[in-house]
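Values below: all heavy atoms of this structure, side chains included; hydrogens, waters and symmetry mates excluded.
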Amino acid sequence: MTELKSPFRYDYVGSFLRPSAVKEARAKFAKNEITKEQLTEVENEEIKKLVEKQKAAGFHGLTDGEFRRSYWHLDFMWGFGGIEHVELDHGYFFHGEETTHGSIKLTGKITGENHPFVEHYKFVKQFEDETTVARQTFPAPAQLLAELFREDNGKDTVEVYPDEDKLIEDIAAAYRQVIKDLYDAGCRNIQFDDCTWGMFCDRKYWEARQKDASVTFESEAEKYLRVNNLALQNRPEGLTITTHVCRGNYHSTWASRGGYAPVAPYLFAKENVDAFYLEFDDERSGNFEPLKYVPEDKKVVLGLITTKSPELEDEEEVKNRIREAAQYHPLDKLCLSPQCGFASCEIGNKLTEEEQWAKLALVKKIAEEVWG
């Protein structure tokens, strides 16, 4: 390989099904039956095993599978100064299922110093070799902004930040601090996970969310684009930053539906990332036409393999869909992956570890046949 830079022709989003040892240790820790150090020992051992499996499967990006997290997004947010962990009386409402109840509460100005994910990254980095590179995933700034105004959370947020512009500036500054600290630790591959755009694709969601007629879709999209791009300002040389966008992934359920057309002129055309990992595993994702907004020099990772079901996709059908996508974005700028992680939250999707690795083997097989 000439360079170890995400995304790769065959890739994955980053989270993996939690081994029973991790689940059991986290349950014991929650009951104060083991110490934080003992929990970390279990996590470390299982992450080592995961990295070995990632290498054995032939993949080039290494992640910790998010084994140290309960959620793909909230654990990262809890690592900022000025934010604390709270439990609401309900979770997010997905299609046919309600998630667990975690959220965040703003208690002071947001800061990014000494974020625990930097140490998480360092643990994975030690396993890099000549064909693999560690990648750190975490939620995009827009996702944090959205969570700060999730239902009644906005009341606490406005108390601390009556000026929304100042809030956006502080979020971006906190992210830039984490990015700098990761870079100083040797990180060259970062992935922003961002469901805000996936939710905006759903017109029914937008209509239910937005009761204030003075707030337009366009103004909100520009705001989320702004906070993401502010966080990317003056990023260090040689740092690749990608973003993943889907429509919710919890216990094999989903949160929203709709193609990327409404957000493409903002997200695809204007967000200053190097590549987009996109969900295209079923009809909820719409067609490929919005890819015409992606600049030709940027890569698109087609999430054509679902993590929500153990059933393996038909190889020829996936190849046909790749060719269809190539009508809107150059084939040599396309890659292949599952549409999301296998366990966006620790509960995981409804498939076994064996089925998880079979999915990834299929991704690799198809990619090698399409691109050589």
Enquirer: For residues 345-372, pull every pair meeting ring pair (Phe, Tyr, Trp, His ring centres under 6.0 Å), keeping only residues two or more places apart or in separate chains.
Expert: F16-W357
Enquirer: Report yes or no: does R150 contribute a side-chain atom to a donor-acceptor pair with the main-chain N or O of S103 at less than 3.5 Å?
Expert: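 Not a single qualifying donor-acceptor pair exists.
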Enquirer: Can a salt bridge be assigned to the pair E368 and K365 using a cut-off of 4.0 Å between side-chain N and carboxylate O?
Expert: no
Enquirer: Could you walk me through whether H244 and F192 pass ring-ring contact (aromatic ring centres under 6.0 Å, His included), step by step?
Expert: CA-CA 6 Å; H244 163 247; F192 281 177; over 10 Å; no
Enquirer: Say whether, by atom type as modelled, one donor and one acceptor occur between the side chain of R135 and the main chain of C187 under 3.5 angstrom.
Expert: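 Absent.
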Enquirer: Is R176 reaching over with its side chain to a backbone N or O of N234, donor-acceptor style, under 3.5 angstrom?
Expert: no
Enquirer: Aromatic rings F80 and H115: how do their planes relate, parallel, tilted or perpendicular, breaks at 30° and 60°?
Expert: perpendicular
Enquirer: Tell me yes or no: between the side chains of T307 and N349, is some donor less than 3.5 Å from an acceptor?
Expert: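 Yes, a side-chain donor-acceptor pair sits under 3.5 Å.
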Enquirer: Any donor-acceptor pair under 3.5 Å linking the side chain of N228 with the backbone of A140?
Expert: no
Enquirer: Counting distance only, does the side-chain N/O of T63 pair as donor-acceptor with the main-chain N or O of G65 below 3.5 Å?
Expert: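 Such a contact is found between T63 side chain and G65 backbone.
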Enquirer: Passes ring-ring contact (aromatic ring centres under 6.0 Å, His included), F276 versus F268? Steps please.
Expert: CA-CA 8 Å; F276 299 92; F268 295 168; 5.3 Å; yes
Enquirer: Salt bridge check, E52 against K55: does any charged N sit closer than 4.0 Å to a carboxylate O?
Expert: no
Enquirer: Is it true that the NZ or CZ of R226 lies under 6.0 Å from the centre of Y266's six-membered ring and within 45 degrees of the ring axis?
Expert: no
Enquirer: Which heavy atom in R26 sits nearest to a heavy atom in S70, and how many Å separate them?
Expert: NH2-OG, 2.7 Å
Enquirer: Whether the side chain of D11 engages the backbone of P7 through a donor-acceptor N/O pair (distance < 3.5 Å, no angle test) should be reported.
Expert: no
Enquirer: Can you name the closest pair of heavy atoms from V318 and I305 and give their distance?
Expert: CG2-CD1, 3.9 Å
Enquirer: Between M77 and Q143, is the side-chain contact (heavy atoms from CB on, under 4.5 Å) condition met? List the steps.
Expert: CA-CA 9 Å; M77 297 175 189; Q143 197 72 49; 3.9 Å; yes
Enquirer: Could you check whether atom CG of N114 has more than 12 heavy atoms from other residues, nucleotides or ligands sitting under 6.0 Å from it?
Expert: no
Enquirer: Does R68 come within less than 4.0 Å of E43, counting only side-chain N to carboxylate O?
Expert: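 Answer for the salt bridge query: yes.
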Enquirer: Run the ring-centre check on F123 versus F67 and record whether the distance is less than 6.0 Å.
Expert: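 For F123 and F67, the ring centres are not under 6.0 Å apart.
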Enquirer: For K109, is the NZ atom crowded, meaning more than 12 foreign heavy atoms sit under 6.0 Å from it?
Expert: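 Yes, NZ of K109 has more than 12 neighbouring heavy atoms, counting only those of other groups under 6.0 Å.
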Enquirer: Indicate the atoms forming the closest heavy-atom contact of D281 with T306, along with that distance.
Expert: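 The answer is OD2-OG1, 2.7 Å.
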Enquirer: Report the relative orientation of the aromatic rings in F200 and Y224; use parallel for angles under 30°, tilted for 30 to 60°, perpendicular for over 60°.
Expert: perpendicular
Enquirer: Are any non-hydrogen side-chain atoms of I366 and L362 less than 4.5 angstrom apart?
Expert: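 Yes - at least one pair of side-chain heavy atoms lies under 4.5 Å apart.
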Enquirer: Is a side-chain donor or acceptor of H73 paired with a backbone partner of C195 at a separation under 3.5 angstrom?
Expert: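 Checking the backbone N and O of C195 against the side chain of H73, no donor-acceptor pair under 3.5 Å is found.
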Enquirer: Got V133 and L62 here, is their nearest side-chain heavy-atom distance under 4.5 Å?
Expert: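 Side chain of V133 against side chain of L62, heavy atoms only: no contact under 4.5 Å found.
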Enquirer: Begin from the C-alpha positions of E279 and Y260 and carry the test side-chain contact (heavy atoms from CB on, under 4.5 Å) through to its verdict.
Expert: CA-CA 10 Å; E279 177 179 61; Y260 287 107; 3.7 Å; yes
Enquirer: Apply the test side-chain hydrogen bond (donor to acceptor under 3.5 Å, both in side chains) to residues R188 and S6: give CA-CA distance (whole Å), side-chain angles for both, the deciding distance (0.1 Å), then the verdict.
Expert: CA-CA 9 Å; R188 297 296 182 270; S6 297; over 6 Å; no
Enquirer: Is it true that, when you exclude Q126 itself, more than 12 heavy atoms of the residues, nucleotides or ligands shown sit nearer than 6.0 Å to its CD?
Expert: yes
Enquirer: Would you call E353 and K53 a salt bridge, using N to O less than 4.0 angstrom?
Expert: yes
Enquirer: Is the backbone N or O of K270 less than 3.5 Å from a side-chain atom of N229, with the two atoms forming a donor-acceptor pair by type?
Expert: yes
Enquirer: Mark yes when over 12 heavy atoms from residues, nucleotides or ligands other than E33 sit less than 6.0 Å from its CD; otherwise mark no.
Expert: yes
Enquirer: Is the side chain of Y12 donor-acceptor paired with the backbone N or O of Q54 at a distance under 3.5 Å, no angle test?
Expert: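 Checking the backbone N and O of Q54 against the side chain of Y12, no donor-acceptor pair under 3.5 Å is found.
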Enquirer: Indicate yes or no for a side-chain donor-acceptor contact from H60 to the backbone of T132 under 3.5 Å, with no hydrogens or angles considered.
Expert: no
Enquirer: Could you check whether atom CD of E296 has more than 12 heavy atoms from other residues, nucleotides or ligands sitting under 6.0 Å from it?
Expert: no
Enquirer: Just say parallel, tilted or perpendicular for the rings of Y10 and F59, cut-offs at 30° and 60°.
Expert: perpendicular
Enquirer: Is there any ring pair (Phe, Tyr, Trp, His ring centres under 6.0 Å) pair reaching into residues 286-318, and which pairs are they, with sequence neighbours excluded?
Expert: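 Applying ring pair (Phe, Tyr, Trp, His ring centres under 6.0 Å) to every pair that reaches into residues 286-318, excluding sequence neighbours, yields F280-F288.
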Enquirer: Any chance you could lay out the side-chain hydrogen bond (donor to acceptor under 3.5 Å, both in side chains) test for Q191 and D193, step after step, and finish with the verdict?
Expert: CA-CA 6 Å; Q191 175 183 308; D193 293 319; 2.7 Å; yes
